[in-house]
> 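My structure is below; once you've seen it, I'll send some questions.
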Amino acid sequence: MQGFARWIMQSTPRAVGVALLGSLVPWLFWLSAAISALVTLRRGFGPASPVVLAAAVPAGWWWMQGDAIPLASILLVTVMAIILRERFRWGETLLAGAIVVAVLIQIGVFAPPDASQLIEEVRAQAPEIDELLRQYASQGVPVERLARLMISAVTGLMVMLAATACLALARSWQAVLYNPGGFREEFHRFRLSRLELAGVVLMTAVGLLGALPGAVLMAWVPLLVAGIALVHGVVGVKSMRGFWLVGFYALLLTTWPTLVIVLLLALIDTFADFRTRLIGSQR
């Protein structure tokens, strides 16, 4: 990938062409998003705007076909790349991205136009969800509105996670080309500051008090990324083998308790700074 990234950065037309082709092919939008973020991180939004536009135009066509994820991911990762370039703080970048996605969820950007048909299909294929919606309906809850909000929230979460992953990929490419080892050091030491954690808590509180489930769901993404960075940092400090990370991701993707533990550890790490303590204990 190093050679590929270097080839792209040698010429703006190359970056434009690859971003355009990647966005045209289904499920290759992440490549266009990563390229847009890489050029933005390195050169700024002005010089990167032709690349972002080339990636966004085909993605806009997919949006018109009912798939909002490609275009939303490309635009979101570009915004996050601008913030990261200016502020050099992952916490602020992730929190800003979470706020943007929460707003998009609330205004219905991710709500599918054929929500009613999709809801009926889900109810027919998942009896437990059908039973849950029946219970809500018996309590006077507008089921269709609730289901649309759930679909929007899940789509928004996918967009946020995709944009975060693409930004991390672009940052790693940037480090490989211009600052070898920089991304590893940056990510391994990342933790939320107390002010950033306060922003997460405030966003969660606003979501709970204002009945904004999208805000509650998005608020914990920065904490999740901080928890993942903590695990990577500990593995790096202890010089542990890579299979520990493989096991960690397997547990994270398959078990809810692991997810909760990671969130709690990231929260505590804001105050305890486990990695600094580990480094100090090894001296």
Side-chain angles (χ1 to χ4, degrees), residues 1-87 90 93-94 96-105 109-113 152 154-179 182-183 186-187 218 221 225 228:
M1 297 299 284
Q2 178 180 352
F4 174 70
R6 179 176 289 108
W7 180 79
I8 288 174
M9 293 301 292
Q10 287 175 349
S11 165
T12 297
R14 290 179 184 176
V16 168
V18 176
L20 180 66
L21 291 175
S23 191
L24 281 170
V25 180
W27 298 108
L28 270 184
F29 71 88
W30 60 269
L31 180 61
S32 298
I35 292 171
S36 300
L38 172 61
V39 180
T40 301
L41 285 169
R42 181 61 181 173
R43 301 174 183 169
F45 178 69
S49 55
V51 181
V52 176
L53 184 62
V57 170
W61 184 83
W62 287 113
W63 183 302
M64 294 173 62
Q65 305 306 307
D67 187 359
I69 294 177
L71 180 59
S73 300
I74 290 168
L75 297 181
L76 179 63
V77 77
T78 302
V79 171
M80 294 170 69
I82 293 171
I83 297 172
L84 184 58
R85 172 183 166 86
E86 296 297 326
R87 300 293 298 171
W90 273 92
T93 301
L94 292 169
I99 292 172
V100 170
V101 175
V103 171
L104 294 179
I105 291 173
V109 169
F110 299 127
S152 296
V154 171
T155 304
L157 179 61
M158 293 173 64
V159 167
M160 182 64 191
L161 294 178
T164 301
C166 290
L167 182 62
L169 178 60
R171 193 65 160 176
S172 69
W173 283 347
Q174 183 187 27
V176 166
L177 295 178
Y178 309 108
N179 182 26
F183 175 69
E186 180 182 59
F187 189 65
M218 290 301 108
V221 173
V225 178
I228 293 173

> Would you say R85's side chain and R42's backbone share a donor-acceptor pair under 3.5 angstrom?
yes
> Does any part of the side chain of Y178, heavy atoms only, come nearer than 4.5 Å to the side chain of L41, both counted from C-beta?
no
> What pairs with F183 under ring pair (Phe, Tyr, Trp, His ring centres under 6.0 Å), at least two apart in sequence or on another chain?
F187
> Would a distance-only check, ignoring hydrogens and angles, find a side-chain to backbone donor-acceptor pair under 3.5 Å from R87 to T93?
no
> With sequence neighbours excluded, give me every salt bridge (charged side-chain N to carboxylate O under 4.0 Å, His left out) pair touching residues 31-40.
none
> Grab the two heavy atoms, one from T164 and one from M80, that are nearest each other, plus how far apart they are.
OG1-CE, 4.0 Å
> Under 3.5 Å, side-chain donor or acceptor atoms of residues 66-74 against the rest of the protein: list the pairs with distances, not counting sequence neighbours.
residue	atom	partner	partner atom	Å
D67	OD1	I69	N	3.2
S73	OG	I69	O	2.7

> Return the set of residues passing side chain to side chain contact (heavy atoms under 4.5 Å, CB included) with Q2 (not counting sequence neighbours), or none when no residue passes.
R6, V176, L177
> State which residues pass side-chain hydrogen bond (donor to acceptor under 3.5 Å, both in side chains) with S49; sequence neighbours excluded, sorted by chain then number.
none
> Restricting to side chain to side chain contact (heavy atoms under 4.5 Å, CB included), what partner residues turn up for T40, sequence neighbours left out?
A48, V52, T78, A81, I82
> Excluding sequence neighbours, so at least two apart, what forms side-chain hydrogen bond (donor to acceptor under 3.5 Å, both in side chains) with E186?
W90, R171
> Where is the tightest heavy-atom contact between A34 and L169, given as atom of each residue plus distance?
CB-CD2, 3.8 Å
> The criterion is side chain to side chain contact (heavy atoms under 4.5 Å, CB included); which residues satisfy it with A15, sequence neighbours excluded?
I8, I35, V39, V51
> Which residue pairs pass the side chain to side chain donor-acceptor pair (under 3.5 Å) test with at least one member in residues 21-33, sequence neighbours excluded?
none
> For residues L20 and V57, determine if any side-chain heavy atom of one lies less than 4.5 Å from a side-chain heavy atom of the other.
no
> Could you report the tightest heavy-atom contact between Q174 and L38, atom names first, then the distance?
N-CD1, 3.7 Å
> Among residues at least two apart in sequence or on other chains, which ones pass side chain to side chain contact (heavy atoms under 4.5 Å, CB included) with V109?
W63, L104, I107
> State which residues pass side-chain hydrogen bond (donor to acceptor under 3.5 Å, both in side chains) with Q65; sequence neighbours excluded, sorted by chain then number.
none
